[in-house]
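What follows is a short report on a single structure.
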Number of protein chains: 2
Amino acid sequence: MEKPPGSEIEIFRDFIKKKGLRYTSEREIILREIFNIHDHFDVDELYLRLRNKGHRISKASIYRTLPLLIECGLVQEVYHEDGHMHYEHIYGHEPHAHFRCLSCRRVEEFKDQRLEEVAREYAEKYGVEIKMTRFEILGYCSTCRGGEG
Amino acid sequence: MEKPPGSEIEIFRDFIKKKGLRYTSEREIILREIFNIHDHFDVDELYLRLRNKGHRISKASIYRTLPLLIECGLVQEVYHEDGHMHYEHIYGHEPHAHFRCLSCRRVEEFKDQRLEEVAREYAEKYGVEIKMTRFEILGYCSTCRGGEG
DNA sequence: AAAGTATTGAAACAAAATTTCAATAAGGTA
DNA sequence: TACCTTATTGAAATTTTGTTTCAATACTTT
């Protein structure tokens with residue numbers, strides 16, 4: 001069950017301890033499950049996955065844990081769609097942007113150095129401290145272009 | 001009451017007609033009020049502004065009109081905060097990005113040519129049709145950096 | 001082992017957004 | 001202009017998301 005130092009587990013535990021909070025099994029189980037999902041997810045999906053694995057963790061705990069994971073930089077809000085937020089884990093991933101098809105709802109990731117440059121330069125120019133960035137393109141994918149779009 | 005062709009009013013009316021819908025006074029009043037707000041807004045704020053001007057337009061109508069305005073490119077979802085969406089009108093504005101301070105909640109706009117380049121190149125490379133883009137930096141502004149952040 | 005306190009699950013609650021439905025009004029036609 | 005068809009409206013009900021409450025539990029320290 002041990003993870004090497006520098007893993008998301010370590011980071012989360014250190015963060016929790018540093019805040020004077022308690023590192024509980026529920027919090028770890030939620031974290032582990034999130035890092036098992038190699039895609040975007042929402043609260044409901046995460047809840048059901050935990051349930052299907054026999055964990056009886058409440059949605060309240062998920063809602064309470066997510067802000068902590070976001071605060072320590074392991075998880076990110078990606079986009080708000082269908083009336084609720086969608087998340088992804090980001091530790092160990094290069095920063096990336098998203099394309100979302102408004103028709104088929106598919107989400108594609110892509111990287112571009114320039115986006116980080118823009119953010120870095122803005123931060124320098126205005127003396128702000130960057131916590132995270134988000135770049136999204138919304139439109140119609142090549143498949144959907146001809147159709148209903 | 002007439003606006004020159006190419007105005008947001010014209011665009012909206014043409015869009016509505018083209019969809020076979022009806023161009024109602026409620027829809028126009030909502031559109032006009034949105035373009036009077038030179039800042040981000042949410043549904044509640046828009047509703048109260050209309051009310052204060054004596055318009056008795058329901059929130060349901062606002063919720064029904066916003067997707068139409070977004071679909072025809074006059075309005076954009078900017079960010080989701082405090083449990084609800086925030087919008088801005090975009091017609092006549094240059095594309096811009098946002099910095100949001102996680103501490104004081106202030107939102108600053110800025111422009112950077114490179115963001116549109118990135119989007120344009122992605123669209124060309126993957127054959128997608130861009131409807132809109134969104135670039136956000138979240139962090140702590142120069143004032144809040146030292147403090148609670 | 002005992003005390004103190006953060007966390008949990010369940011349920012109550014609050015808020016955002018959508019849907020329902022009867023009344024109204026837009027827009028076309030005679 | 002009067003009439004007809006049907007989309008739209010406001011109000012209320014409903015659904016869904018997310019937060020809060022609270023008693024029970026479990027972590028941590030002494």
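Lettering of chains follows the sequences in order, A, B, ..., and the numbering in each one begins at 1.
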**Message:** List the residues meeting salt bridge (charged side-chain N to carboxylate O under 4.0 Å, His left out) with B/Glu77, not counting sequence neighbours, and say none if there are none.
**Reply:**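 Partners of B/Glu77 by the salt bridge (charged side-chain N to carboxylate O under 4.0 Å, His left out) criterion come out as none, since no residue qualifies.
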
**Request:** Answer yes when B/Glu28 and B/Arg32 have at least one side-chain N-carboxylate O distance shorter than 4.0 Å, and no when they do not.
**Result:**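 Salt bridge between B/Glu28 and B/Arg32, a charged N being under 4.0 Å from a carboxylate O: yes.
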
**Prompt:** With the threshold set at 4.0 Å, does a side-chain nitrogen-carboxylate oxygen contact exist between B/Glu10 and B/Arg13?
**Reply:**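 Salt bridge: yes.
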
**Request:** Check step by step if ring pair (Phe, Tyr, Trp, His ring centres under 6.0 Å) holds for A/Tyr122 and B/Phe110.
**Result:** CA-CA 9 Å; A/Tyr122 180 88; B/Phe110 69 98; 4.3 Å; yes

**Prompt:** For the pair made of CG in B/Leu31 and P in D/dT8, what is the distance, rounded to whole Å?
**Reply:**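 In whole Å, D/dT8 P and B/Leu31 CG are 16 Å from each other.
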
**Asked** Between D/dT16 atom C1' and A/Asp42 atom CG, what is the distance in whole Å?
**Response**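 Value for this atom pair: 12 Å.
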
**Request:** Tell me which residues in residues 17-25 of chain A put a heavy atom below 4.0 Å from DNA chain D, sorted by number, or none.
**Result:**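 Close to the strand are A/Lys17, A/Arg22.
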
**Request:** Pull out every residue in residues 46-85 of chain A that has a heavy atom closer than 4.0 Å to any atom of DNA chain D, ordered by number, or say none.
**Result:**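 Contacting residues: A/Ala60, A/Tyr63, A/Arg64, A/Gly83, A/His84, A/Met85.
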
**Item:** Verdict with reasoning, A/Tyr23 to A/Arg27, per side chain to side chain donor-acceptor pair (under 3.5 Å)
**Value:** CA-CA 7 Å; A/Tyr23 189 71; A/Arg27 283 178 176 156; over 6 Å; no

**Message:** Would you say the rings of A/His84 and A/His80 are close, in the sense that their centroids are separated by under 6.0 Å?
**Reply:**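 No, ring centres 6.0 Å or more apart.
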
**Request:** Classify the ring geometry between A/His96 and A/His98 as parallel (under 30°), tilted (30 to 60°) or perpendicular (over 60°).
**Result:**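 Because their plane-to-plane angle is over 60°, the rings of A/His96 and A/His98 count as perpendicular.
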
**Prompt:** Does a donor on one side chain sit under 3.5 Å from an acceptor on the other, for B/His40 and B/Gln76?
**Reply:**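 Judged by distance alone, the side chains do not pair up.
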
